[in-house]
Protein chains: 2
Amino acid sequence: MHSSANVTERQAQAPALAISIVIFALRSDPSSGRQEIWLPLVRRVRQPHLGKWALPGGPLGGSESLQDAAARNLRETTDLEPTYLEQLYAFGGLDRAATQRVVSIVYWALVRPDQAGLARESENVRWFRASEAAGLAFDHDEIVAYALQRLRGKIEYGSVAYHFLGDRFTLSQLRGVYEAVLGRHLDPANFRRQFRSAKDIAATEEVLQGGRNRPPRLYRYTGSPVAEPPSGPA
Amino acid sequence: MHSSANVTERQAQAPALAISIVIFALRSDPSSGRQEIWLPLVRRVRQPHLGKWALPGGPLGGSESLQDAAARNLRETTDLEPTYLEQLYAFGGLDRAATQRVVSIVYWALVRPDQAGLARESENVRWFRASEAAGLAFDHDEIVAYALQRLRGKIEYGSVAYHFLGDRFTLSQLRGVYEAVLGRHLDPANFRRQFRSAKDIAATEEVLQGGRNRPPRLYRYTGSPVAEPPSGPA
DNA sequence: CGACTTAGGGTCTACATGACTATAACTCAC
DNA sequence: GTGAGTTATAGTCATGTAGACCCTAAGTCG
């Protein structure tokens, strides 16, 4: 599939179509306690870029939608179900791959590493801090940077933050998500005030017991669990 | 990464890759004087959907980037240069075309119909009011609706409004753009106050003479003329 | 019990926004 | 030439929100 082709052959070929996916999850640093953004990468087991780390992905199956293909690649690498999945961008520069013209439609996803999904690493699948994911294969460095930028943009406006968390969460946990994504400290009191008046969040009767300090109240996200309509943007 | 089928099988299944483009321009209604959003459509001259109106577009050339392909399709239908060009979305549902799986990477553009470009219509190219573009071929109705939604979202946050206008414009003209895109009346005084303090807009020494009323001052957009970095999102 | 830490509520100020009023500068009808 | 009409432009006032900051509540731990 990667037989070296001269220029004429390359231009005659239809561009190959691939799906890649940037999968974000949060993990607490054991020492500082702060949350950080992590993502799984897959080691290249063939040329080109053999041995380098790359985004999960693969060719688009003939009988699946773009979104389905992204979700399938996510499951195959992490064993997790996405709580959020959205198209990021279609990358189609001429020089993305040396041997063949490849157009990659990239999705980005948020997962909740509740189960041992984040621990399910192998020789060829490993989780990295987003801040330390560099030197990746192809143009995947740029793609990850763009996905992070989009994540930051989306969290300010929209409702993606909740998709990092379980169905019940404290405002401190939610604030931790925002601080991890935005990369700066947020005032707890102002954050609370802002989200108490938010539409799609509701206080439950429960509090979280077992902590060292005053037990915090648990909240619930009441908005729609999926951000993207099933048949693409409507 | 994945056990690959042999080349012939894969190419038989491989979805076709196409570029489409939604081109927006503003035109004043002669009776009301208000501005409206227009876009050019192309009549289908072959099956499927023969005779229906559709978005400009075509197959992706083998030696052009996605952005270049979109710009080329724009020039071929309108003879205008885009002042703004950005990727909209990649549509890849299974049922988009009856006979063949087609993945369309759709761009959207803003043009300034300074020259006679908007008048350059033909049997198979015609401009339509965006509000009246319905019954289009394929899923192009949805694509136009989504592009309009994106335009509205972008105009509130960003700097796309200026790309509908020439290099010198009055605040009334700029307000006209906002009113056309957002579909509602805006208070002239408040609009003025907001944009006098905007960063990327500067007053010139000139005023626009020849109108019926008090001559308005001309302003200039000082931000970057292109929104998208040349090599895709950075 | 007192020290410590996080939860949660409040105040004060600065700033942006929407509604509204007032004045300036021009054309046109007469 | 004068006044009506229209748009340009400035200012005012009330409201809402965000950031900085302070205070109290309710737990744990020594």
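The sequence lines fix the lettering, A, B, ..., with proteins before strands; numbering per chain opens at 1.
- Of the candidate nucleotides D:dG5, C:dT6, D:dA8, D:dA8 has the atom lying nearest to any side-chain atom of B:Ser172.
- In this structure, the CG atom of B:Leu186 is 12 Å from the C1' atom of C:dT17, given to the nearest Å.
- At least one donor-acceptor pair under 3.5 Å links the side chain of B:Asp187 to the backbone N or O of B:Asn190.
- Distances shown here put every side-chain N or O of A:Arg212 at or beyond 4.0 Å from the OP1 or OP2 atom of D:dA26.
- Between the CG atom of B:Leu218 and the C1' atom of D:dA8 there is a distance of 13 Å, given to the nearest Å.
- Counting to the nearest Å, the P atom of D:dA26 and the CZ atom of A:Arg217 are 12 Å from each other.
- The nucleotide whose nearest atom lies closest to any side-chain atom of A:Arg192 is, among C:dG10, D:dT9, C:dG9, C:dG9.
- Nearest to the side chain of B:Arg175, among D:dG19, D:dA8, D:dT6, sits D:dA8.
- Atom CZ in A:Phe191 sits roughly 15 Å away from atom P in D:dA20 (whole-Å rounding).
- Closest-nucleotide positions on DNA chain C for B:Ala189 and B:Gln194 were compared, and the one nearer the 5' end corresponds to B:Gln194.
- Between B:Phe169 atom CZ and D:dA8 atom P the separation is 14 Å, expressed in whole Å.
- Residue A:Asn190 places a side-chain atom within donor-acceptor reach of the base of D:dA20, judged by atom type and a 3.5 Å distance cut-off alone.
- Distances from the side chain of B:Pro215 to the nucleotides C:dG9, C:dA25, C:dG8 place C:dA25 closest.
- Contacts of A:Arg193 with the nucleic acid, taken as non-hydrogen atoms under 4.0 Å apart, include base atoms.
- One atom, NE2 of B:His185, and another, C1' of C:dT17, lie 15 Å apart when rounded to the nearest Å.
- When heavy atoms are screened at a 4.0 angstrom cut-off, A:Thr170 is found touching no nucleic acid atom at all.
- Between the CG atom of B:Asn213 and the P atom of D:dT7 there is a distance of 6 Å, rounded to whole Å.
- Pairing each heavy atom of B:Val22 with each of B:Ala147, the nearest pair is CG1-CB, 3.9 Å.
- Side-chain N/O atoms of A:Arg214 include none lying less than 4.0 angstrom from OP1 or OP2 on D:dA25.
- In this structure, A:Asp187 places its CG atom 12 Å from C1' of C:dG10, rounding to the nearest Å.
- Tested against B:Trp53 for a ring-ring contact (aromatic ring centres under 6.0 Å, His included), the candidates B:Phe128, B:Trp127, B:Phe138 yield a single pass: B:Phe128.
- In this structure, OH on B:Tyr162 lies 6.0 Å from CZ on B:Phe169, to the nearest 0.5 angstrom.
- Listed for the A:Glu142 side chain is no donor-acceptor partner under 3.5 Å among the backbone atoms of A:Asp139.
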